[in-house]
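Chain identifiers are assigned alphabetically (A, B, ...) following the order of the sequence lines, protein sequences preceding nucleic acid strands; residue numbering begins at 1 within each chain.
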Amino acid sequence: MYLELEKRLAERLRAVLKDKFGAELAQIPMEIPPDLKMGELATPVALQLARTLRKAPKIIAQELVAAIGSLNGFASFEVAGAGYINARFDRASAATAIATGTEHSPFAQDHALVEHTSINPNKAAHIGHLRNAILGDTFVRLLRAAGQQVTVQNYIDNTGVQVADVVVGFLHVEGKSAAEVRSVIDDCAERFAKSGKFAEAFDYLCWDLYARTSQWYTTGTDAENEARKKLRYDTLHAIEHGGNETAEIAELISTAVLRRHLETMLRLGIEYDFLPRESEILHLKFWESAFELLKKSGVLYFENEGKNKGCWVMTRPCAEVTEGETDEDAKVIVRSNGTVTYVGKDIAYHLWKFGLLGKDFGYKQFFSYPDHECWISTEHGEANHPHFGGAQAIYNVIDSRQSDPQANVIQALRGMGHAEQADRYTHFGYEMVALTPSYAAQLGYQLSDEDRAKSYIEISGRKGFGVKADDLMDLMIAAAKSEVVKRHTDWSDAQVEEVASKIAYGALRYYMLRFSRNSVIAFDQDMALSPEGETGPYLMYAAARIRSIFRKGQTTPENVLAEFAQLSPEKTAAFLSGEENEDIWALWLRAGQRMSVLDQCIGTSEPMHLAKHAFQLAQDFSNFYHHHHILTEEDAAKKLFLLATAAVALRELVAVLGWLGIESPEAM
RNA sequence: GCGCCCGUAGCUCAGCUGGAUAGAGCGACUGACUACGAAUCAGUAGGCCGGAGGUUCGAAUCCUUCCGGGCGCACCA
C-alpha cells in the first residue's frame with residue numbers, strides 16, 4: 001500500500017514539476033515524517049529546488065500543493081516546516097487496500113542466481129557457515145517474493161587443499177587403506193542413521209581428523225614436516241588430476257560430507273537447486289574456453305618482464321598503469337608453469353553463470369527435497385535435466401575477506417565487454433560470526449583474562465575451535481524445550497519437541513539476520529533465545545498471541561477480513577481517527593509497508609531491514625493489544641474493526657516471518 | 001605502501017538516495033496481571049554521532065585530513 005501511494009504521489013509531482021517549473025527530476029525524494037501527526041508521507045523536493053528555481057522553498061511548496069489538487073488515496077497535502085510537503089492518506093481507503101492485501105510486487109521479472117553456503121566438504125558445518133546460508137537463503141526468499149525466478153547454487157570446492165588434508169589424514173596420519181576409508185564412511189552413515197546422534201556422523205569425524213592433520217604438518221622434525229608438506233601437495237595434485245585412487249577417495253569423502261551439509265541446512269529450511277563442483281570445472285575444461293576468450297579480448301596479456309615474467313596476467317581494478325612500464329602489481333592468472341590460478345577458474349565459472357562461456361556442466365540428481373530435486377555437476381550427466389546458468393543477475397554470498405578476488409572477476413567481465421553483467425554481479429559480503437566470551441565459556445572453552453575482556457572471541461575451524469552447526473541447534477532446542485515444558489505441562493513430548501525446534505530455528509535465523517551484513521556478530525545463545533527484546537521468540541510470541549485471540553473468539557482472520565470488507569468507509573475512518581486510536585493507525589500503516597521494505601532490501605542487498613520491520617510490526621501489535629481489548633468490545637462494528645486489525649497484523653507478521661524463513665508455532 | 005570495512009547512549013546495534021526534535025533492544029530505575037497468553041506493556045534517566053576542517057539553506061550521512069580498531073593486497077588453494 002505504502003509503496004503504491006508513494007509512487008503515485010511521486011508521479012504526480014514529477015508531472016506537476018515539469019508542467020509548472022519545467023523541472024525534470026529523475027527521482028522525487030520521499031520520506032516518512034518523524035511524527036504521524038505530520039502525515040504519512042513527506043517530500044522535501046521544494047527545499048531541493050529552491051536553489052535552481054531561485055525561489056523560497058515555502059513558496060514552491062505552496063504552489064506545488066495547489067497544483068497537485070486532489071489525488072486518489074490521499075486526503076490532503078500541506079506545507080510544513082521550512083518547505084516540506086506533507087501528505088495525509090485517506091485512512092479508510094488505505095485500510096481497505098491493506099485489508100485486501102493484494103499489493104503485487106512492482107519489480108522486474110529477472111532470472112537471478114544466488115550462490116551461498118559453499119562450505120569446504122571436508123568437515124562439519126560451523127556457526128559461521130550458518131550465517132552465510134541463512135543470509136543467502138533469506139535473500140532467495142526475498143527475490144522470489146518479488147517475483148523473480150531464482151536458482152540457488154552451492155559451490156563445492158571438492159578438489160581443494162582442505163579436502164586433500166582430510167585425505168592425507170585418513171591415508172597417512174591414520175594409515176588407513178582405501179577400502180578402510182570406504183568402510184568408515186559406510187559405518188558412520190549406518191550408525192548415524194540408526195542413532196540420529198550427530199557426534200557419530202561422518203562430518204564430525206572429519207572435523208577432528210582435519211584439526212589433527214593440520215597440526216601433524218607442523219609437529220614433526222624439520223625433515224618430516226618437509227615430507228608431510230610434499231605429501232599434502234602430491235595428494236592435492238592427484239585429486240585435481242582425477243582418474244586415480246586418491247581422487248576416488250577424495251570424491252567419496254567430499255560427497256559424504258556434502259550430504260551431511262545439505263541435511264544440516266535442511267533443518268533450517270534451506271534448500272538448493274544445483275551444486276556445481278570444482279572437479280567438473282577442471283575436467284570439462286571450462287578454463288580452456290575462458291582462456292581463449294580472455295586472450296581474444298585483451299584482458300589477459302603475456303608478461304615478458306619483471307617478477308611475473310612468463311605468466312599471463314591481468315591489470316587490477318584500481319591500478320594506475322603507465323604506458324610502456326611493467327605492471328609489477330598485475331594479478332597472475334596463469335602461472336609460469338602453465339597452471340591456472342583460483343581467480344582464473346573463477347572467471348571461467350562466472351562466464352558460465354552469465355551464459356557467456358559456451359559450455360555447460362553435465363547434470364545428475366543428487367538430493368531430494370519434498371517438492372524438488374537438487375542436481376550436482378558431473379562429467380557425463382543424465383539426458384533430461386533442468387537448465388542452470390545463463391542468469392541475468394548473480395549474487396555471491398561470500399565473506400567480506402574475499403572482496404579482492406571477487407573484484408578481480410568483475411574486472412575481467414568488464415574488460416571482456418560484459419559491462420552489463422559486471423554491473424549485475426553482486427558480492428553479497430558479510431562479516432564473521434564470533435562468540436561472546438560468556439558463551440565461549442559456556443561451551444567449555446578455557447579463556448584467559450584477556451579473552452574475557454574482549455567483546456567477542458573468534459573461532460577457527462582449522463584449530464577445531466568453534467561450534468558445529470548441528471550441536472548449536474541441538475543446544476538451542478534443548479534450552480527452548482525447558483522453557484516450553486514449564487509453560488505447557490499438558491503437552492506431549494512430540495508437541496514440545498516440535499514447538500521447541502521451531503523456536504530454536506527461528507531464534508537462530510533471526511539473530512543471524514538482525515545485524516547488517518558488515519557487522520561482526522558475537523553470538524550468544526541466551527541472547528538469541530531471549531523472549532524479551534529484538535529476538536525471534538518475541539516475534540513468534542506475538543504471532544502466537546494473535547492466533548489465540550481468534551481461537552478464543554471462535555473465528556478466523558479470513559472470515560473477519562471478509563466481513564470487514566462490508567464495513568462502511570465512514571465507520572472505518574472513524575475508528576482510525578482521533579488521538580486514542582493513533583496506535584491502531586500506526587499498526588495499519590506498518591502492515592502496509594511490506595512491499596516498500598522488500599524494495600529496500602533488494603535495492604540494498606540487505607535483509608536486515610526486513611528483520612527490523614518484522615520486529616516493529618510485532619511491537620506495534622503488542623502495544624495495540626495492551627490498549628484495546630478486543631473480545632469484550634460491545635460495539636459490534638468496533639469489535640469487527642479490532643479483529644480486522646489483529647487479522648492484518650497476523651497476516652503480515654506470518655508473511656514477513658516466512659520471508660525470513662521463520663515458522664511461527666500456533667502456540668508456544 | 002595501496003585498497004576495503006568499522007568508530008553513534010553503560011553494552012549490542014539501526015539510522016534508506018544529505019532534510020523536521022538522532023532511534024531500538026539489553027542493562028538500570030518506576031509503575032501495570034480478578035479482562036483476549038505478563039515469554040507482555042507503559043514510563044524515567046542516559047548521546048560534542050572518534051577529532052579537526054570543508055561543501056550546502058541544511059551533514060551522523062558527502063569530500064579532505066588525522067586518530068583508533070578490523071580485514072585484504074601470493075605464480076597458496
Side-chain angles (χ1 to χ4, degrees), chain A residues 27 29-31 33-35 38 42-44 47-48 50-51 56-57 80-84 86 120 157 159-164 233 236 240 278 307-313 316-320 329 331-337 339-342 345 399-405 407 429 431-432 436 455 483-484 486-487 503 514-516 518-522 524 527 529-535 537-538 540-542 544-553 596-597 599-601 603-604 606 608-609 612 615-616 619 622-623 625-633 642-643 646 667-668:
Chain A
Q27 276 243 315
M30 285 287 175
E31 56 194 61
D35 193 326
M38 301 173 177
T43 176
L47 292 160
Q48 212 175 65
R51 193 173 182 78
Y84 280 92
N86 288 351
N120 275 306
D157 183 7
T159 58
V161 71
Q162 299 218 32
V163 170
Y233 286 101
L236 173 63
E240 279 178 346
E278 174 100 350
K307 67 173 181 143
N308 294 333
K309 186 176 176 183
C311 299
W312 286 88
V313 301
R316 284 179 194 275
C318 313
E320 287 170 30
D329 192 40
K331 173 73 197 164
V332 172
I333 303 296
V334 181
R335 302 182 190 105
S336 52
N337 67 5
T339 58
V340 59
T341 60
Y342 175 78
K345 285 182 273 193
D399 80 273
S400 304
R401 288 173 296 205
Q402 304 281 341
S403 65
D404 206 53
E431 267 294 342
M432 64 171 174
T436 61
S455 60
E483 291 301 311
V484 173
K486 259 190 253 170
R487 295 177 170 83
I503 292 172
R514 60 168 283 204
F515 301 97
S516 62
N518 50 18
S519 81
V520 175
I521 296 181
D524 188 298
M527 283 192 215
L529 272 172
S530 168
E532 288 166 34
E534 193 190 337
T535 66
Y538 173 86
M540 291 183 268
Y541 176 67
R545 203 159 47 175
I546 304 175
R547 289 196 168 104
S548 129
I549 294 170
F550 286 96
R551 267 198 305 275
K552 204 143 266 180
S596 77
V597 175
D599 185 44
Q600 188 187 7
C601 287
T604 57
E606 182 57 89
M608 170 207 67
H609 299 300
K612 301 276 178 208
F615 175 63
Q616 284 165 340
Q619 225 177 12
S622 293
N623 182 311
Y625 175 85
H626 277 267
H627 284 88
H628 305 271
H629 203 267
I630 301 167
L631 295 177
T632 54
E633 174 59 49
L642 292 175
L643 275 169
M668 58 187 274

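Computed from coordinates, the A:K331 NZ to B:rG3 P distance equals 19 Å when rounded to whole Å. Nucleotide B:rG72 holds its P atom 6 Å from the CZ atom of A:R401, rounded to whole Å. Atom CD of A:Q616 and atom C1' of B:rA24 are 8 Å apart (whole Å).
For the OP1/OP2 pair of B:rA77 and a distance below 4.0 Å, the side-chain nitrogens and oxygens of A:R335 include at least one atom meeting the criterion. The side chain of A:Y625 places an N or O atom within less than 4.0 Å of a non-bridging phosphate oxygen (OP1 or OP2) of B:rA38. Distances shorter than 4.0 Å separate some side-chain N or O of A:R316 from OP1 or OP2 on B:rA74. A sub-4.0 Å separation between OP1 or OP2 of B:rA14 and a side-chain N or O of A:S519 is present. Here A:N518 does not reach the OP1 or OP2 of B:rC5: none of its side-chain N or O atoms lies under 4.0 Å away. Side-chain nitrogen and oxygen atoms of A:S548 include none within less than 4.0 Å of the OP1 or OP2 phosphate oxygen of B:rC36. For the OP1/OP2 pair of B:rA24 and a distance below 4.0 Å, the side-chain nitrogens and oxygens of A:K612 include no atom meeting the criterion.
For A:H626, there are no side chain to side chain donor-acceptor pair (under 3.5 Å) partners two or more places apart in sequence or in a different chain. Partners of A:Y538 by ring pair (Phe, Tyr, Trp, His ring centres under 6.0 Å), not counting sequence neighbours, listed by chain and number: A:F615. For A:R547, the side chain to side chain donor-acceptor pair (under 3.5 Å) partners are A:S664, A:E666, not counting sequence neighbours. Scored by the salt bridge (charged side-chain N to carboxylate O under 4.0 Å, His left out) test, A:E483 finds A:K486, A:R487 as partners (sequence neighbours excluded).
Taking atom P in both B:rU8 and B:rG47, one finds a spacing of 15 Å when rounded to whole Å. Rounded to whole Å, the separation between the P atoms of B:rG10 and B:rC48 comes to 8 Å. B:rA38 and B:rA20 have their C1' atoms separated by 37 Å, given to the nearest Å. Using atom P as the reference point in both B:rG25 and B:rU61, the two lie 25 Å apart (nearest Å). Nucleotides B:rA22 and B:rA45 are separated by 14 Å at their P atoms, to the nearest Å.
Checked by distance alone, A:N86 brings a side-chain donor or acceptor within 3.5 Å of a matching partner on the base of B:rA20. Between the side chain of A:S336 and the base of B:rC75, a donor-acceptor pair under 3.5 Å is found.
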Paired and unpaired positions of RNA chain B as dot-bracket, Watson-Crick or G-U wobble under 3.5 Å, | denoting a partner strand = (((((.(..((((.....[...)))).(((((.......))))).....(((((..]....)))))).)))))....

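Comparing A:G160 and A:K552 against RNA chain B, the residue whose closest nucleotide sits nearer the 5' end is A:K552.
A:I503 contributes atom CD1, which lies 6.0 Å from atom CE of A:M540 (distance to the nearest 0.5 angstrom). Within the model, atoms NZ of A:K331 and CG of A:N308 stand 9.5 Å from one another, a figure rounded to the nearest 0.5 Å. Between the CE atom in A:M668 and the CZ atom in A:R545 there is a gap of 10.5 Å [rounded to 0.5 Å]. Distance check, rounded to the nearest 0.5 Å: CD1 of A:I549 to CG of A:L631 gives 6.5 Å.
In this structure, B:rC33 shows a glycosidic angle within 90 degrees of zero, which is the syn conformation.
Here B:rC13 is the nucleotide among B:rA39, B:rC13, B:rA20 with the atom lying nearest to any side-chain atom of A:F515.
Here A:I549 lies in heavy-atom contact (under 4.0 Å) with sugar-phosphate atoms only.
Between A:M608 and A:S516, the shortest heavy-atom contact is SD-N, 3.6 Å.
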request  = Could you encode protein contacts along nucleotides 41-46 of chain B as a string, one character per nucleotide from 5' to 3', using B for base contact, S for sugar-phosphate-only contact and - for no contact, with a heavy-atom cut-off of under 4.0 Å?
outcome  = SS----

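Surrounding CZ of A:R401 are at most 12 heavy atoms belonging to other residues, nucleotides or ligands under 6.0 Å away.
Under the 3.5 Å distance criterion, the side-chain polar atoms of A:T43 are left unmatched by any main-chain donor or acceptor of A:N86.
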